[in-house]
Every structure is written in C-alpha cells, then in structure tokens.
Amino acid sequence: MERLTVISFSGGRSSAMMTKRMLESGRYENRIIVFANTGKERPETLDFVHECDVRWDLNLIWLEYDPIAKFRIVSYETASRNGEPFNRLIEKRKYLPNVVARFCTGDLKVKPIKKYIQSLGFKNWDNAMGIRYDEPLRWGKMLQNTQPEPWFNILPLYEDGIMKDDVFRFWRKQGFDLQLESHQGNCDLCFMKGRKKITQLIRENPDSAKWWTDQENRTGSTFRKEVSYAELAKRAEAPQAPSLFDFEPEFPCHCNID
C-alpha cells in the first residue's frame, strides 16, 4: 500500500497552491488533507479554505484542539470563529504563548493533526507543508526532520524551486483568491508579527484587539514581554509617528498567507 501523505493546508496561498499541484500530479493517491482551525483565523481565511475545498473537491478534514479528546472534527459551518480553541488551550496551560514559548502552533495545529491521523490507525506518514524555496528560515529547520515524531516532512514547493512570484502568478490564473493582503496574515493579530504591523492592523480594525487584551487581563500576563495589546491599541488610536519598533523584525509563523 502506498505510504500515507498528510497534506497540511494552512489556509495560505502557498499551501493552497501546493495542495492543488499535489492533487494534479497523481502521485499522492493515499492522502488526507487537513486544516487545523485555532479560532483566531480571519474570516477571509476560513472562506478561502472552504472555497478551495468545494472548487477542488478536496474532501478536507477540519480539525480543532480539544483538551480532553485532543482533537475534534468540525466543518466550515461549525468552525470556531471567536478564539474558542485558543481559549481552551490558555485555560489548560494557565499562561500565554509568546515569541520564545510559541506553543500555540504546536498545540492548536500540529498535535490535533497528529492525534487525528493516529486515531485512524496510522503509525507513520509523510507530512506535506507549503514552504517555498525562498523561505530558508522555515525549510532549513523542517528538512532536518530531527523531531521524535511519526512523520517525515516533505516540502513539494521547496523541491520544485517555487518562489513567492510563482505563487502570485498561479493565483492570477485562478477564478478566485484569498481576500487578504500580505500584511494581514491568517491569525488576526499574531504576536509573532512586528509591533508596527500589529498596531497597523488594530488601526484598520480596532475590535480585533479585544480578544488579545481579554486574554492578557485574564492571565495577568502579556503575549509580548515588552508591551501589552492594550498599549498597542492605545498607540493605534494616536496619530502615526516614527518609532523605534517601526524597524523591528518579524518571526516566521504558520499564520503567513503567502
């Protein structure tokens, strides 16, 4: 029997392109396509994932974190949209993720997918991720495959030398696209973004800061040690002015949409 391939659909353009190319290649007949929803994905992301599923007949499996069962199967219609899986994780952990201890991706995405695949009886599989050739900070780590996990990472876009421009050319030929700009990202105010970008996003949608400030107030801590989301929200209300953190670097994360 052909080895199982798990296609991890992140909800971004590169990931979607990878999924379509893998289906068209005819090389991955024994496959499962999964999308793990944190509850903090932007609505445009969920709409895009659903449209890919319908247009391309993906038979996509929608998953969410569950503290007891480890995962739960949902759908586009029933997927959480107000941070509920993330809330449950924070309640269990009793503290917030941060740039150093970024457990949200592992606990909300990686582990639910792992537990779901194991629940089907699989002990080993290949894990396909939509990481491009021009993302060395991401593929350099993924290709090491040193984690004591039952899967082996495969990176089809990296292997084919796919760059960001190739992804945009692909989507210009499609009849639809992800309705987000590059700076917005899947996770609405991910703390891995630079403070300038978070402030810009709050300025575009002031209500988006509420969930993040609520979590910080509830735990008495912050997602970023140097500034709270409440402070960033106040900055977003003020006239735009140059700041030292205008040049602050961002960190690679799965919430990237390109």
What I want to find out is whether [X] reaches [Y] closely enough, with some N-O distance under 4.0 Å, to be called a salt bridge.
X    : Y    : answer
D160 : R21  : yes
D107 : K92  : no
R218 : D214 : no
K109 : E41  : yes

**Prompt:** Side-chain heavy atoms under 4.5 angstrom apart, residues restricted to Ile, Leu, Val, Met, Phe, Trp, Tyr: same cluster for V34 and L120?
**Reply:**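 Yes, V34 connects to L120 through the hydrophobic network.
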**Asked** Are M17 and V54 grouped together when hydrophobic residues (ILVMFWY) are joined by side-chain heavy atoms under 4.5 angstrom apart?
**Response** no
For [X] and [Y], work out which heavy atoms get closest and say how close.
X    : Y    : value
N205 : S208 : O-OG, 2.6 Å
M22  : P156 : SD-CG, 3.8 Å
S8   : I113 : OG-CD1, 4.2 Å
L178 : E44  : CD1-O, 3.6 Å
K193 : Q184 : CE-O, 3.3 Å
K40  : G83  : CD-CA, 3.8 Å

Looking at [X] and [Y], would you say the former's side chain and the latter's main chain have a donor-acceptor pair under 3.5 Å?
X    : Y    : answer
R81  : P43  : no
R138 : E135 : no
D53  : L60  : yes
Y116 : I61  : no
R42  : D188 : no
T78  : S75  : yes
N82  : E84  : no

Between [X] and [Y], is any pair of side-chain heavy atoms under 4.5 Å apart?
X    : Y    : answer
L23  : I33  : yes
W151 : V110 : yes
V74  : S80  : no
M129 : L157 : no
N186 : L180 : yes
W212 : I198 : no
I162 : Y133 : no
V99  : M192 : yes

**Request:** Using a cut-off of 6.0 Å, state whether more than 12 heavy atoms not belonging to R27 lie near its atom CZ.
**Result:** no
**Request:** Under the side-chain contact (heavy atoms from CB on, under 4.5 Å) rule, what do Q174 and R55 come out as? Steps first, then yes or no, please.
**Result:** CA-CA 11 Å; Q174 307 305 310; R55 284 177 177 259; over 6 Å; no
**Message:** Please verify the inter-ring angle class for W171 with F176; under 30° counts as parallel, over 60° as perpendicular, anything in between as tilted.
**Reply:** perpendicular
Find the distance between [atom1] ([X]) and [atom2] ([Y]) and round it off to the nearest 0.5 Å.
X    : Y    : atom1 : atom2 : value
R31  : L58  : CZ    : CG    : 8.5 Å
K197 : T199 : NZ    : OG1   : 12.0 Å
W62  : E77  : CH2   : CD    : 8.0 Å
D126 : I7   : CG    : CD1   : 11.0 Å
F86  : C104 : CZ    : SG    : 4.5 Å
T5   : I154 : OG1   : CD1   : 5.0 Å

**Message:** Could you tell me if K20 sits above the aromatic ring of W56, with its cationic atom closer than 6.0 Å to the ring centre and no more than 45 degrees from the axis?
**Reply:** yes
**Request:** Apply side-chain contact (heavy atoms from CB on, under 4.5 Å) to the pair L108 and F103, showing each step before the final yes or no.
**Result:** CA-CA 8 Å; L108 295 173; F103 59 79; over 6 Å; no
**Prompt:** What do the steps show when you test F191 against T222 for side-chain contact (heavy atoms from CB on, under 4.5 Å), and what is the final call?
**Reply:** CA-CA 10 Å; F191 55 83; T222 59; over 6 Å; no
**Under 3.5 Å side-chain donor-acceptor pair for N153 and W139** = no
**Prompt:** When you look at L155 and M18, which way does the side-chain contact (heavy atoms from CB on, under 4.5 Å) test go after all the steps?
**Reply:** CA-CA 9 Å; L155 309 177; M18 174 196 71; over 6 Å; no
